[in-house]
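This chain uses plain numbering: 1 for the first residue, then up along the sequence.
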Amino acid sequence: MKKQNHPFHLVDPSPWPLTGSIGAMTLTSGMVMWFHMKNPTLMMLGMMILILTMIQWWRDIIREGTFQGKHTIMVTNGLKWGMILFIVSEIFFFISFFWGFFHSSLAPTIEIGMTWPPKGIKTFNPMDIPLLNTTILLSSGITITWAHHSIMNKNHSQTIKGLFITVVLGIYFTILQAYEYLESPFTISDSIYGSCFFMATGFHGIHVIIGTTFLMICLIRTIKFHFSSKHHFGFEAAAWYWHFVDVVWLFLYISIYWWGS
């Protein structure tokens, strides 16, 4: 055992960044093959490499933080700032979609009929599935906060209940979003409206799937007693991310579904 006289975590050599890069390259190359040659084999291989990399990389990080004690207060503070900056970068990612949407909707050009929504576009009723999805995500924000307060108050059973309900609501949201896409009267190629709608809501949907996966891992870890009232940053990061997903959806609902229609 090597002794160190500092609170920082010097990460051990790991193969997962390399396998993750190979998986990402295989996935994107496979998507090109799928789009142009109707052959999804390479894409599925890339997806499998990425999933296996994630499982093993997360396993190593859980070991380091939970069992080896390498996530000291100093390391945890660094992880917190990393998560905050990551969420800020994601905010600017979505700002670009909102910028494109408002740029086109506030001054519609002659190519789209000088009207918004563009001529020929039949929009969704904002009081239908979009309102239900808004209710689901707002409810999930309440249940994740319930779970967070429960973990800080050392209430293990209520933490599990709150997390489980949040995961179920996240899956329910994704199913409704998929149904909405299947029933959509327009496509991504239908003028600037279709492009803005499917890019913004589609990337938000991907973020919901990522957040739900994040929370599912936290649920499994909670059941296995990996978290304590003082040492639970993995859960806290998932909660921050989920609140970010909630707020982005509110802006999407108000601007694209309600005002934009």
Side-chain angles (χ1 to χ4, degrees), residues 7 9 54-55 57-94 132-177 203-254:
H9 177 204
M54 285 190 291
I55 290 168
W57 202 343
W58 293 346
R59 177 205 63 193
D60 288 354
I61 293 168
I62 289 165
R63 274 182 190 159
E64 291 164 1
T66 308
F67 303 113
Q68 296 174 352
K70 292 182 176 178
H71 287 184
T72 62
I73 292 171
M74 189 74 81
V75 172
T76 305
N77 284 336
L79 291 171
K80 284 181 179 178
W81 277 110
M83 191 67 195
I84 289 166
L85 291 172
F86 170 68
I87 290 172
V88 169
S89 74
E90 293 282 271
I91 289 167
F92 279 95
F93 176 74
F94 277 99
L132 176 58
N133 268 344
T134 305
T135 308
I136 289 165
L137 273 192
L138 288 176
S139 302
S140 72
I142 295 167
T143 55
I144 193 70
T145 305
W146 170 32
H148 195 184
H149 280 275
S150 298
I151 203 169
M152 288 191 291
N153 291 318
K154 303 179 184 178
N155 193 328
H156 187 249
S157 64
Q158 292 218 358
T159 305
I160 291 171
K161 286 174 190 171
L163 264 174
F164 179 75
I165 294 169
T166 309
V167 168
V168 169
L169 289 171
I171 293 167
Y172 186 29
F173 177 92
T174 305
I175 291 168
L176 286 173
Q177 188 89 53
F203 270 109
H204 177 268
I206 290 168
H207 282 71
V208 170
I209 292 167
I210 292 167
T212 306
T213 308
F214 203 170
L215 290 170
M216 283 171 74
I217 301 299
C218 288
L219 177 59
I220 294 164
R221 292 187 67 193
T222 304
I223 292 166
K224 291 187 172 185
F225 292 94
H226 285 188
F227 299 129
S228 71
S229 59
K230 298 283 176 66
H231 192 84
H232 57 265
F233 177 67
F235 170 82
E236 209 167 17
W240 291 355
Y241 189 82
W242 197 253
H243 286 307
F244 154 73
V245 167
D246 278 355
V247 172
V248 169
W249 176 258
L250 278 177
F251 279 100
L252 279 173
Y253 176 73
I254 291 166

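With sequence neighbours left out, His226 forms a side-chain hydrogen bond (donor to acceptor under 3.5 Å, both in side chains) with Arg221. Listed by chain and number, the residues in a ring pair (Phe, Tyr, Trp, His ring centres under 6.0 Å) with Phe251 amount to none (sequence neighbours excluded). Contacts of Ser139 classified as side-chain contact (heavy atoms from CB on, under 4.5 Å), with partners at least two apart in sequence or in another chain: Thr135, Leu169. Applying the side-chain contact (heavy atoms from CB on, under 4.5 Å) criterion to Thr174, with sequence neighbours excluded, gives Val208, Ile209. Under the side-chain contact (heavy atoms from CB on, under 4.5 Å) criterion, Trp58 pairs with Met54, Thr213, Ile217, not counting sequence neighbours. Here Tyr172 pairs with Leu132, Ile136, Leu176 under the side-chain contact (heavy atoms from CB on, under 4.5 Å) rule; sequence neighbours left out. Qualifying side-chain hydrogen bond (donor to acceptor under 3.5 Å, both in side chains) partners for Ser157, counting only residues two or more places apart in sequence or in other chains: Asn155. Applying the side-chain hydrogen bond (donor to acceptor under 3.5 Å, both in side chains) criterion to His207, with sequence neighbours excluded, gives Glu90.
Here the closest heavy-atom approach between residue Ser150 and residue Gln158 is recorded as OG-CB, 3.4 Å. Contact record, Cys218 with Gly234: SG-O, 3.6 Å, taken as the closest heavy-atom pair.
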Show me the side-chain donor-acceptor pairs of residues 239-248 shorter than 3.5 Å, one per line, residues at least two apart or across chains.
residue, atom, partner, partner atom, Å
Trp242, NE1, Ser140, OG, 2.8

Give the table of side-chain donor-acceptor pairs shorter than 3.5 Å for residues 72-87, with sequence neighbours excluded, one pair per line with atom names and distance.
residue, atom, partner, partner atom, Å
Thr72, OG1, Pro7, O, 2.6
Thr72, OG1, Val75, N, 3.4
Thr76, OG1, Thr72, O, 2.8
Asn77, ND2, Ile73, O, 3.4

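Ile142 CD1 to Leu137 CG: the interatomic distance, rounded to the nearest 0.5 Å, is 11.5 Å. Interatomic distance, CE of Met216 versus OG1 of Thr166, reported as 12.5 Å (0.5 Å rounding). Separation of atoms OG1 (Thr212) and CG (Leu219) is listed at 12.0 Å; rounding is to 0.5 Å.
Side-chain atoms of Asn153 and Thr159, non-hydrogen and from C-beta on, never get closer than 4.5 Å to each other.
Pairs passing the salt bridge (Lys or Arg N to Asp or Glu O under 4.0 Å) check and including a residue from residues 224-244, sequence neighbours excluded, do not occur. Listed by first and then second residue, the ring pair (Phe, Tyr, Trp, His ring centres under 6.0 Å) pairs that reach into residues 140-165 are His148-His232, His148-Phe235, His156-Phe225, sequence neighbours excluded.
Side-chain atoms of Ser229 never come within 3.5 Å of backbone atoms of Lys154 as a donor-acceptor pair (strictly under, hydrogens ignored).
Partner of Ile160 under the side-chain contact (heavy atoms from CB on, under 4.5 Å) criterion, chosen from Ile151, Thr222, Ile165: Thr222.
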Note to self: side chain to side chain contact (heavy atoms under 4.5 Å, CB included) for His231 and Thr66? Distances and angles first, verdict last.
What the structure shows: CA-CA 9 Å; His231 192 84; Thr66 308; 6.0 Å; no
